[in-house]
Amino acid sequence: MKLILLSGGSGTRLWPLSNDSRAKQFLKVLKNEQTGELESMVQRVYRQLSEVVAAEDMIVTTNASQVDMLHNQLGDIPIVVEPERRDTFPAIALACTYLYSALGMKEDEVVGVVSVDAFVDVAFYQQVKELEKLVMTTNADIGLLGIKPTYPSSKYGYLIPKQYTEYMQVARFVEKPSEEVAEALIGKGAYWNSGVFAFPLNLILNKLSRDGFSNSYKELLEQFSILPKNSFDYEVVEKLNEITALTYDGYWKDLGTWNTLTEEMSQQVIGNGGFSEDSYNTHIVNELDLPVKVLGISNAVVAVSADGILVTDKPASSRMKDMLHDGLFSRPMYEERRWGWYRVLDITKKEGREVLTKRLCVEAGKNLSYQFHNNRSEVWTIISGDAIFIQDGETKMVLPGDVLSIPIGSKHCLYALTDTELIEVQMGDSIVEEDIVRLEKDWPAIMESIR
């Protein structure tokens, strides 16, 4: 079975650590029980899946803004990039055509779909693997995985059983009912819908053909903007007749809010911070160097990043998404890239001219792409590390204290021999991330191009 890992959320509920490019699954706040180091949700899910499924049987689908971060955290993995965000059906459909037309997967083989932001034990993914056998032996249209509810929640959809044998035959779905209705459903044997799917590849290929879309990955990329902007549940699952499900009675949690996330964090303080003894069940996550102190405040979360500061009562943290209209979610101030990370330190706009200051870290053995800008000049000051700098075909070594001037249109890149940090000051009439013309990305190709 090939597995599609869905990774594409915008991360609004865990602001200010999450933003448009760094969604909740990329936050390194969970403890790896094997190494003791902090890891992100996507790293945890990928590590657990790797114990059950071969690496070559997994692909990730995401949007363009998250590609660098996925490579940074998971390495060189196959990624299907959505041209735009259009919900889970278009994302899964595009990935299916990639498996079919690019990787040569057969139409009668089974595809599994999992999200990268569930907090579970490895046993959960062992059950996911069993869905392949379920679909093949029952000839069901689709196989799902139901979670035994631990409380009547209004946040999840419910699978209503028709009957139980070795598996559940699903009669219908109830999407996010009230807590009163949920309690009644649980009393009748309903399970939470985990959002895991398994189905023969031709289920999606046939649907695309019926609806006038291509089964070719390259052609569906061109048609992507007119695919139905719907969830996979609504567009596919709820319209099927033969639906079966396995059930899972183990630990499962959606870490979608600060309240649920802090329940799984192994330490109460991450970063520079501390609290008084009468601050009970309070968590601090601080990505900045400035100290954060909390006195006499209990059941709270204090989250600090370059994007902003959040102080919230834990139950109230679920309302974060409701504040989108307040203009909190502007350009990301911190991002991880395939080469390292950057943090915006300052933005100044005066008399039609913009100045933006960043701090960057290029990790040892990695490089910035060979590029130029049409609308801005830059000045780099090397803070630490040893690196090779190329400008307009000329190569030189740079060391801490070196200052590099890069005019508009000047081609440039940097290769880090050791972890290299620098301050980058951008100046121009309009400063946007899109003002990058990349000539080459890989270091060998860059060196070849300047010979």
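None of these values were measured; they are calculated from a predicted model.
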**Q** Give a yes or no answer on whether the side chain of Ser279 reaches the backbone of Phe275 with a donor-acceptor pair at less than 3.5 Å.
**A** no
**Q** Is a salt bridge present between Arg337 and Glu335, judged by a nitrogen-to-oxygen distance below 4.0 Å?
**A** yes
**Q** Do you see a donor-acceptor pair shorter than 3.5 Å between the side chains of Asn299 and Asp313?
**A** no
**Q** For residues Ser115 and Asp117, is any side-chain donor paired with an opposing acceptor at under 3.5 Å?
**A** yes
**Q** Can you check whether Val120's main-chain N or O pairs, donor with acceptor, with Gln48's side chain at less than 3.5 Å?
**A** yes
**Q** Between the main-chain N or O of Thr357 and the side-chain N or O of Glu424, is there a donor-acceptor pair closer than 3.5 Å?
**A** no
**Q** How about Trp192 and Tyr151: are their ring centres within less than 6.0 Å of each other?
**A** yes
**Q** Give, for atom CZ of Arg22 and atom CG of Leu17, the distance between the pair rounded to the nearest 0.5 Å.
**A** 5.0 Å
**Q** Is it true that Glu109 and Lys106 have a side-chain N and a carboxylate O under 4.0 angstrom from each other?
**A** no
**Q** Establish, from distance only, whether the side-chain atoms of Asn32 and Glu39 form a donor-acceptor pair under 3.5 Å.
**A** yes
**Q** Are the side chain of Asn272 and the backbone N or O of Asp289 linked by a donor-acceptor pair below 3.5 Å?
**A** yes
**Q** Would you check if there is a donor-acceptor pair between the side chains of Ser276 and Asp278 at a distance under 3.5 Å?
**A** yes
**Q** Is Asp254 salt-bridged to Lys24, going by a charged N under 4.0 Å from an acidic O?
**A** yes
**Q** Start with the C-alpha gap between Glu433 and Lys358, add the side-chain angles, then the distance that decides, and say whether salt bridge (charged side-chain N to carboxylate O under 4.0 Å, His left out) holds.
**A** CA-CA 12 Å; Glu433 285 299 309; Lys358 286 181 177 179; 2.8 Å; yes
**Q** Salt-bridge test for Lys207 and Glu235: reply yes if a basic N is under 4.0 Å from a carboxylate O, no otherwise.
**A** yes
**Q** I need the Leu201 CG to Thr97 OG1 distance, nearest 0.5 Å.
**A** 9.0 Å
**Q** Hey, are Asn281 and Lys314 close enough side-chain-wise for a donor-acceptor pair under 3.5 Å?
**A** yes
**Q** Indicate yes or no: at least one non-hydrogen side-chain atom of Ile4 is less than 4.5 angstrom from one of Val80.
**A** no
**Q** Identify whether the distance between the nearest side-chain nitrogen and carboxylate oxygen of Lys31 and Glu264 falls below 4.0 Å.
**A** no
**Q** Counting C-beta onward and ignoring hydrogens, is there a side-chain heavy-atom pair between Gln66 and Gln25 closer than 4.5 Å?
**A** yes
**Q** More than 12 foreign heavy atoms under 6.0 Å from OH of Tyr251: is that the case here?
**A** yes
**Q** Check whether any side-chain N or O of Ser317 sits under 3.5 Å from a backbone N or O of Thr257 as a donor-acceptor pair, and report yes or no.
**A** no
**Q** Between Tyr248 and Tyr125, does the ring centre distance come in under 6.0 Å?
**A** no
**Q** Okay, side chain of Thr247, backbone of Gly146: is any donor-acceptor separation there less than 3.5 Å?
**A** no
**Q** When you measure from the centre of the six-membered ring of Tyr234, is the NZ or CZ of Lys239 under 6.0 Å away and within 45° of the axis?
**A** yes
**Q** Are the side chains of Glu440 and Ser369 in contact, using a 4.5 Å heavy-atom criterion?
**A** no
**Q** Would you say the side chains of Glu421 and Ser384 form a donor-acceptor pair under 3.5 Å?
**A** no
**Q** Any side-chain heavy-atom pair from Asp141 and Phe199 closer than 4.5 angstrom?
**A** no
**Q** Checking the side chain of Asn206 only, and the main-chain atoms of Asn202 only, is there a donor and an acceptor separated by less than 3.5 Å?
**A** yes
**Q** Using only atom types and a distance under 3.5 Å, with no angle test, would you say the side chain of Asp68 pairs donor to acceptor with the backbone of Asn72?
**A** no
**Q** Between Val432 and Ser430, is there a side-chain heavy-atom distance shorter than 4.5 Å?
**A** yes
**Q** One thing to verify: whether Asp57 and Lys2 come together as a salt bridge, which I'm taking to mean a side-chain N less than 4.0 angstrom from a carboxylate O.
**A** yes
**Q** Has Gln267 got more than 12 heavy atoms of other residues, nucleotides or ligands less than 6.0 Å from its CD?
**A** yes
**Q** Just wondering, more than 12 heavy atoms not from Leu439 lying within 6.0 Å of its CG?
**A** yes
**Q** Would you say Gln169's side chain and Ile243's backbone share a donor-acceptor pair under 3.5 angstrom?
**A** no
**Q** Just verifying a value: how many Å separate Met105 CE and Ile59 CD1, rounded to the nearest 0.5 Å?
**A** 9.5 Å
**Q** Are Phe232 and Phe197 close enough that their ring centres sit under 6.0 Å apart?
**A** yes
**Q** Show the nearest heavy-atom pair for residues Asn230 and Asp87, with the distance to one decimal.
**A** O-CB, 3.3 Å
**Q** Do Leu208 and Leu220 have side-chain heavy atoms sitting under 4.5 Å apart?
**A** yes
**Q** Take atom CE in Met1; do more than 12 heavy atoms of anything else shown fall under 6.0 Å from it?
**A** yes
**Q** I'd like to know if the side chain of Glu82 pairs up with that of Thr61 as donor and acceptor (distance under 3.5 Å, no hydrogens or angles considered).
**A** yes
**Q** Is the shortest side-chain heavy-atom distance between Tyr191 and Val170 below 4.5 Å?
**A** no
**Q** Using side-chain heavy atoms (C-beta onward) and a distance below 4.5 Å, is Leu74 in contact with Val42?
**A** yes
**Q** Do the rings of Trp252 and Tyr156 sit parallel, tilted or perpendicular, given the 30° and 60° boundaries?
**A** perpendicular
**Q** Regarding Glu287 and Ser305, is there a side-chain donor-to-acceptor distance under 3.5 Å anywhere?
**A** no
**Q** Strictly below 4.0 Å, N to O, side chains only: are Glu51 and Arg44 in salt-bridge contact?
**A** no
**Q** Tell me the closest heavy-atom pair linking Arg359 and Trp341, and the distance in Å.
**A** O-CZ3, 3.6 Å
**Q** Within a reach of under 6.0 Å around CD of Glu56, are more than 12 heavy atoms found that belong to other residues, nucleotides or ligands?
**A** yes
**Q** Can any side-chain N or O of Ser101 pair as donor or acceptor with the backbone N or O of Tyr98 at less than 3.5 Å?
**A** no
**Q** Charged N to carboxylate O below 4.0 Å: is that the case for Lys188 and Glu183?
**A** no
**Q** Can the positive tip of Lys253 be found less than 6.0 Å from the middle of the six-membered ring of Phe119, inside 45° of the ring normal?
**A** no
**Q** If I take atom NE2 from residue His373 and atom CD from residue Glu434, how far apart are they, to the nearest 0.5 angstrom?
**A** 12.5 Å
